[in-house]
Amino acid sequence: MSLPTAGARDASRLVRRHILDMEGYVPVRGLEELAQELGFPSDSLIKLDANENPYGCSPRVQLALASAQTYHIYPDTDMQQLREMLSSYVGVGAEHTILGAGSDELIDLLMRLFLEPADRVVICPPTFDMYRFSAQAHGGQVVSVLRREGYSVDSEAVLAVEDAKLIFIDSPNNPTGVLTSREDILRLLAADAVVVVDEAYYEFCGQTVAPWVPEYDNLIVLRTFSKWAGLGGLRVGYGIFPLGLVEHLWKVKTPYTVSAAAQIALRESLADLERLQDRVQAIIAERERLFQKLSSLGFLKPIPSQANFILCGTPQGQGLRIKEQLKQRGILVRYFDRPGLSDFLRISVGRPEHTDALIEALREIGAGYEQ
Ligand SMILES: *Cc1c(COP(=O)(O)O)cnc(C)c1O
């Protein structure tokens, strides 16, 4: 028997057409790899580029993970007990909630549930790029309705999009930190489409529409433990869904995606709410201090934020240079240069000492940009 000649077949021609020329999602780079490149020990880098929690996860999570004995058993997929615990935190019945490996999994699940080829998904840039990425990966057609001056959602323009199936609004918005008003969300709910309100940063602002879900059959709220509870690396997110969708979502969800470790982390975080909420308060206070400091530099234009990061305009054409110079000093921030967001820096709120180091570095870098 002879083997086929190498290269005689090209499996890539079998890839679905719409995937061939789609753009992937660009994640932040791994910490170890970056530290090595920069020549810093990874624990001395000041990581303000991915809205992670600078206080880490609850110490209860670390203790419980170290002593658990059941990692060889497939995790519970229904998670009834955890969903009951979560339900008292959220204030909406457990029957409305589904957990995922981060809310990213639930975004993907919604596309899987709803999209026929070329179905329309409305996003409001600047916004979280996962909506575009997931929609395109599932063959959807992304319709962008740019935010208005001041980054509020142009709800009339969104409602004017014909045949929209899904509308994604992150509130507070990533990367601007701007909230969408309850009035605007109410207005959008009149659409003949599903409105997904992504409240990944809810704990940093306190405004939610989760209690509305049982009353609107087209409202979905997504949340995550990645930011406020410091579980980004363990992947725990959840959605609050109208009952009419829940059974269909369960049908298409891959089982076992929320690992045994993630389930332990969720349980222990909910059991340590007071400590985690104190940390959220510290981050909110630090956000206000960071905002004042950034404004007082004189060359950056920070936007008031309701989340755990601050978006800053930069002196024209200087954003990338500032980001690189911070990086050389071991401080990581996110740089954006896209339509509606040209030459901006997004800086996550760290601990007070991170703010101090950042501001000192920016003073050095910025000397010379008087304006
Ligand atoms: C970080 C973020 C998420 C993703 O959270 P995971 O639960 O870690 O997948 C979702 N939406 C927005 C707007 C985010 O910024």
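Positions are given from 1 along the sequence. This one's a predicted model, so the numbers in the text were calculated from it and none came from an experiment. Start at 1 and go down the list; that is how both ligands and their atoms are numbered.
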Checking contacts here: is it the side chain or the backbone of A200 that comes within 4.0 Å of ligand 1, counting heavy atoms only? Could be both or neither. side chain

closest protein heavy atom to atom 14 (C) of ligand 1 is K227 NZ, 3.2 Å

Run the numbers for me: atoms of ligand 1, each under 4.0 Å from some heavy atom of N174, listed by number. 13 (C), 14 (C), 15 (O)

Charged N to carboxylate O under 4.0 angstrom, E162 versus R120? no

Looking at F204, is R287 sitting on its ring face, NZ or CZ under 6.0 Å from the six-membered ring centre and within 45 degrees of the normal? no

Report the nearest protein non-hydrogen atom to atom 15 (O) of ligand 1: residue, atom name, distance rounded to 0.1 Å. Y201 OH, 2.6 Å

Side-chain ion pair, D278 and R275, N-O less than 4.0 Å: no

Nearest non-hydrogen protein atom to atom 4 (C) of ligand 1, with distance, is D104 OD1, 3.2 Å

Strictly below 4.0 Å, N to O, side chains only: are R13 and D10 in salt-bridge contact? no

Of all the non-hydrogen atoms in the protein, which one sits nearest to atom 5 (O) of ligand 1, and at what distance? S103 OG, 3.2 Å

Using a 4.0 Å cut-off to any heavy atom of G102, which atoms of ligand 1 qualify? 6 (P), 7 (O), 9 (O)

With atoms numbered from 1 as shown, which atoms in ligand 1 lie under 4.0 angstrom from a non-hydrogen atom of R235? 6 (P), 8 (O), 9 (O)

Answer with side chain, backbone, both or neither: which part of E105 has a heavy atom less than 4.0 angstrom from an atom of ligand 1? neither

Quick check on the 6.0 Å ring-centre criterion: do Y201 and F309 meet it? yes

Applied to residues 346-359, the salt bridge (charged side-chain N to carboxylate O under 4.0 Å, His left out) test, sequence neighbours excluded, yields R289-D356

Under 4.0 Å between a Lys/Arg side-chain N and an Asp/Glu carboxylate O for K227 and D198? no

Please confirm whether D198 approaches ligand 1 to less than 4.0 Å, judged on its heavy atoms. yes

Is it the side chain, the backbone, both or neither of F225 that has a heavy atom closer than 4.0 Å to ligand 1? neither

So does E105 pair up with R235, basic N to acidic O under 4.0 Å? no

Which ligand 1 atoms, with their elements, are less than 4.0 angstrom from a heavy-atom of S226? 6 (P), 7 (O), 8 (O)

